[in-house]
Amino acid sequence: IVLADRATGKHGGRVVTRFPPEPNGHLHIGHAKSICLNFGLAQEDPEGICHLRFDDTNPTTEDLSYVRSIEDDVRWLGFDWRDKMFFASDYFEQLYNFAERLITKGLAYVDSLTADEMRSYRGTLTEPGENSPYRDRSVEENLTLFRQMRAGEFPDGTHVLRAKIDMASPNMNLRDPVLYRIRHAAHYRTGSAWCIYPAYDYAHPLSDAIEGITHSICTLEFEDHRPLYDWVVAEAETRHRPQQIEFARLNIEHAVMSKRKLLELVERKLVAGWDDPRLPTLKGLRRRGYTPEAIRAFCDHIGVAKRDAVVEMQLLEYFIREDLNKRSQRVMAVLKPLKIVIENYPADKTEELDAINNPEDPSAGTRTVPFSKTLYIEQDDFLEEPPKEFFRLAPGREVRLRYAYIIKCLRAVKDPVSGRVTELHCTYDPETRSGAAQAKRKVKATIHWVSAAHAVNAEARLYNPLLTTDLTKVPPDHDWTAYLNPQSLEVLTNCLVEPSLNQVVPGAKFQFERLGYFCADPDSMPGKPVFNRTVSLKDAWAKAAKRPGST
RNA sequence: UGGGGGAUCGUCUAGCGGUAGGACGCCAGCCUUUGGAGCUGGCUACCUAGGUUCGAUUCCUAGUCCCCCAGCCA
């Protein structure tokens, strides 16, 4: 939006963007917004391109496995960087040369203050800082020291290279920001080739310039960094002058979205891993059954603005449901079984009934489901004393079994001790078989079922998103994980599914009739399918989020 | 108390001088051989106060509130 006018003329009308993750964690739904924005913008220009650049300037947190994961996730989302994959670490030599030039120009100096001293020299938000006593070293001395830094002659923390800007600037970022620090640590790509590493504020603008980025899009918290970004690009006298533009990052209400917290959940084994379906990571959402199309549609819808926003989880889930509604195969399953016996159906008979795979998509075809004398239906579909608005089974009531017959409930058998209903005895009307030309009697409700003899045992993971209550209210020394939604922690259950699900391919999307959307998990085995519930029950999570958790 | 941003239905988001639109959500009704599906209708908003103007959400002024910044993280 902001860029539409930039495209008219500036930068030769070209659009080159970049998605610049640091490979220190896995991508989450918040990154998806940035990915969709950057790649989407580039796609609007026929000649546009979006680079994938890894901002790997901090060797202590980064790893190749994250690089692979990020590549995988961006591709999964449906975006293509063609051959434009870059690493800030590939620019270390160039960056170093730019730095020497800055020193030569008298715009950078080696400071030998400790981190603590530097902090106190920096001043506060309201008081200006003071110049470091090392600020006026000669160009020669700076050059010598900087080369010694690179040569590994100093231990960590003894010196840094700083830009010489203005210690009294009201913008903290301009109070002689650190450009290089010493870190004797192995980098996952450059190994031990370097022991000094460039800081973000220095490496990022130059990386953009080197790559010929036209629009460098970042989040709001970098607005204060823009003057520094421009300073670096200008003083380094690079050919390209990219422009930094900020937008608000995505927040989803109650969702755990910080890399730090996600890492903590994984490390403390509160979740199964980065791909735990309860997490808002792309890997987790994918395992849970979210589709890239739905995530993209969501990102397009939430828009791009400069105001802080918190999106409701329901909006995300709406886009998932809408997409899944079109593409997922319908299938019958029973989560909480209640046995029914059809008294007038032959004990040795089995019928194969035709079932539609997806009413939204006729090309999905049909399959057959076995029907027999003993079936299971959902416990919730029977009530002994039905209230006014309840039209499903009750003593004396009639209901249709999906794809099968109309049945009538004769009586309920109860456990003599607990008084709970253990099974129902029914009769069926042979004239009412689904699809039969005649006898199209209407009944108030249709329910789903599985044949007891044919049903397959499956595991259903009724995941809800991992949510918290308002973490700003967590006392400082209190464990924030105590505020996690308890409903997302105990969620495994058995279920019975129709035989066609005996073998499923992981990632396959289903809608269990009247129960919701499920996705086949990689843990699925032939004979023991495993399904993750994709979208949580409509208000279950909302209620859970309101609950203050254990205290 | 310094600097930088931002304020439109409950939530996201359009409009940027001339009836404030859309989506989610919610409510009501209809439909249905699954629906949490579909259809119809309804609901609620321009931070405040001044000013400019025939007319201001839009322009100006002054306030209010919210977010970000004092890493050798990004």
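Side chains are part of it too, since the values below use all heavy atoms of this structure and drop only hydrogens, waters and symmetry mates. Each chain gets a letter, A, B and so on, in the order its sequence line appears, and its residues count up from 1.
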Between A:N58 and A:P359, which residue's closest nucleotide on RNA chain B lies nearer the 5′ terminus? A:P359

Specify the residue among A:R181 and A:N358 whose closest nucleotide of RNA chain B lies further upstream toward the 5′ end. A:N358

Are A:R137 and A:S112 close enough that a side-chain donor and a side-chain acceptor fall under 3.5 Å? yes

Donor-acceptor contact present, side-chain A:E44 to main-chain A:L41, <3.5 Å: no

chi for B:G71 classified (syn = within 90 degrees of 0, anti otherwise) as syn

Pairing of RNA chain B as dot-bracket, 5' to 3': ( ) intra-strand, [ ] crossing, | other strand, . unpaired, with Watson-Crick or G-U pairs under 3.5 Å? .((((((..((((....[..))))((((((.......))))))...(((((..]....))))))))))).....

Ignoring hydrogens and angles, answer whether the base of B:G2 and the side-chain atoms of A:E127 contain a donor-acceptor pair closer than 3.5 Å. no

Taking the six-membered ring for Trp, are A:F146 and A:Y109 closer than 6.0 Å centroid to centroid? no

Does the base of B:U1 carry an N or O that pairs as donor and acceptor with the side chain of A:T126 under 3.5 Å? no

Name the residue from A:K336, A:R402, A:R392, A:R400 that meets the salt bridge (charged side-chain N to carboxylate O under 4.0 Å, His left out) definition with A:D381. A:R392

Could you tell me whether A:R150 sits above the aromatic face of A:Y96, with NZ or CZ closer than 6.0 angstrom to the six-membered ring centre and within 45 degrees of the axis? yes

Do A:H204 and A:R18 have a side chain donor and acceptor closer than 3.5 Å? yes

Side-chain touch A:H184/A:F154, heavy atoms, less than 4.5 angstrom: no

Compare side-chain N and O positions of A:K259 against OP1 and OP2 of B:A74 and report whether any pair is under 4.0 Å apart. no

Answer with yes or no after comparing the ring centroid distance for A:F371 and A:Y345 against a 6.0 Å cut-off, counting only values under it. yes

Sub-4.0 Å heavy-atom contacts from residues 361-369 of chain A onto RNA chain B, ordered by number: none

Checking the side chain of A:T17 only, and the main-chain atoms of A:N38 only, is there a donor and an acceptor separated by less than 3.5 Å? yes

Exercise: do A:H28 and A:T281 side chains pair donor with acceptor under 3.5 Å: no

Which protein N or O atoms sit under 3.5 Å from an N or O of nucleotides 67-71 of chain B?
residue: B:A70; atom: O2'; partner: A:R122; partner atom: NE; Å: 3.3
residue: B:G71; atom: OP2; partner: A:R119; partner atom: NH1; Å: 3.2
residue: B:G71; atom: OP2; partner: A:R122; partner atom: NH2; Å: 3.3

Give A:A248 one of three labels, base, sugar-phosphate or nothing, depending on what nucleic acid heavy atoms sit under 4.0 Å from its own. nothing

Please check if any side-chain donor atom of A:R288 sits under 3.5 Å from a side-chain acceptor atom of A:T534, or the reverse. no

